[in-house]
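One-based numbering, in listed order, for ligands and for the atoms of each. Hydrogens, waters and symmetry mates play no part in the numbers below; they use all other heavy atoms, side chains included.
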Amino acid sequence: MGEVRLRFAPSPTGHLHVGGARTALFNWLYARKMNGKFILRIEDTDLQRSTKESEKAIIDSLKWCGIDWDEGPDVGGDFGPYRQSERVLKGIYDHYARALIERQMAYYTIYDKTDIKKPVLNTYEYPKEYIQQGHQITISFKVPKGTTKFYDLLKGDMEFQNSTIEDFVIIKSDGFPTYNYAVVIDDHLMKITHVFRGEDHLSNTPKQIMIYNALGWEVPEFMHIPLILGFDRTPLSKRHGATSVEYFRSVGILNKGLMNYLALLGWSVGEEEIFDIKERIKNFDPSSISNKGVVFDPEKLEWVNGKHMRAIDPEKLFGEFVDWSRFTGRKTPECSKEYALRVISICREKVNTLSALYDLSYPFFFDDYVYEQKFIDEYLKASYAKDVLERALDYFTRLQDWSVESTERVCRSLAQLEIASKNKVFQLLRGTVTGKLVTPGLFETLWVLGKQRVILRIEKALSYTRSWA
Ligand code: GLU
């Protein structure tokens, strides 16, 4: 077998949908497994709907997913994507449209000068005069008689009656090719061997096969993958909530977590559910992709992500944490690496996303944390608060060795004073040093924060209780 070549061919008309990311992932996995090539091609021939912002967003998301491509125009030492709009200018699509017309497998349609919806003539002749007179012209593919067959790697033998398909436009009046036509020209010229894409394209495939046949080109292998569904089993869309890779990135899903989860959606990787996708490349087998629709479950995604948050090296997680904070425009911690790693290590036990990690670790990294209202109402404003905090200030100030064990001893002796119940004392302390009532273990929290911070924070809380007294 020659070189295996796959591609991902998004239309830049929005963000990268998780379904698109999964399609890209499956194509990429197969290319990597077979030591083949993976190509990114931007299908931007719909001038009304395509935007540069969308193209950038899609490329950023793919890069973030770790999906890299092997070819493309040189952009400062890196590979840019192929763009159909640039290929239009090279006359590539026109060239083959003319070849089809010569074979009488496509024809020009000339429209009324004033009514571009009204065709006046179909012809194989180059309509020079009509063009000069300002008529709108399109080129359509002439659907031959008979049936169109192909083999789908998931669905098996497919057969379509050509009589159910009408002649279709391949070059629009603006001179740009349509999707079904451009995709064939490019897949052929880019020597694509396998096309894995969403099932929503299944009805386009016979049209594309007819063009391959008309040009006498070899047809690639096709696999149409069932769409990702929402909880109501209709294709996952905005109606179900956010669906873009960028969104999941912004709420603090790790790229590893998202790729792991998307791989699980429809591909039975084996028993193990949590893995680094890069380590499963060799296991990727298109024939083990399920032919059933799979439901996107954001909770499962978070669960998978949480597993990754706890499995990766704390230093890496801190790197992700800082990148994510910058990406979402949040401030980043300024502290020693040692301190940051302690914070990350105790906080990650409790959370599944970077965003939750940010919130939980905030009081460890920054002094401007705020008190939760519940902490104020139920603990800080309680009658015992001032007494307990005064004692706490005294005990902690006198504490010499600062460790998890010694802070625990102090907390327990504060509870033994019986000014308030143990639970109340602990919650009061917890809220005092973090503003929150749910945090990592209290003694660990105190230990990580360190003596100086703990004392300052008790003093701050005390100043509130005194002002209320
Ligand atoms: N531009 C098409 C899309 O975004 C590509 C489909 C294909 O892979 O052929 O859906």
Undergrad: Can the ring centroids of H135 and Y108 be said to lie less than 6.0 angstrom from one another?
TA: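 No, the ring of H135 stays outside the 6.0 Å limit from the ring of Y108, centre to centre.
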Undergrad: Looking at the rings of F196 and Y30, which for Trp means the six-membered one, are their centres under 6.0 Å apart?
TA: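 Between Y30 and F196, which both carry aromatic rings, the centre distance is below 6.0 Å.
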Undergrad: Is it true that the side chains of N204 and Q208 contain a donor and an acceptor less than 3.5 Å apart?
TA: no
Undergrad: Name the residues with a heavy atom less than 4.0 Å from ligand 1?
TA: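 Residues near ligand 1: R7, A9, P10, S11, E43, Y179, V183, R197, H201.
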Undergrad: So does K191 have more than 12 non-hydrogen atoms from other groups sitting under 6.0 Å from NZ?
TA: no
Undergrad: Inspect the contact between D44 and R87 and indicate whether a charged nitrogen and a carboxylate oxygen are less than 4.0 angstrom apart.
TA: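 No, this pair does not count.
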Undergrad: Establish, yes or no, whether a centroid distance under 6.0 Å links the rings of Y369 and F364.
TA: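 No, the ring of Y369 stays outside the 6.0 Å limit from the ring of F364, centre to centre.
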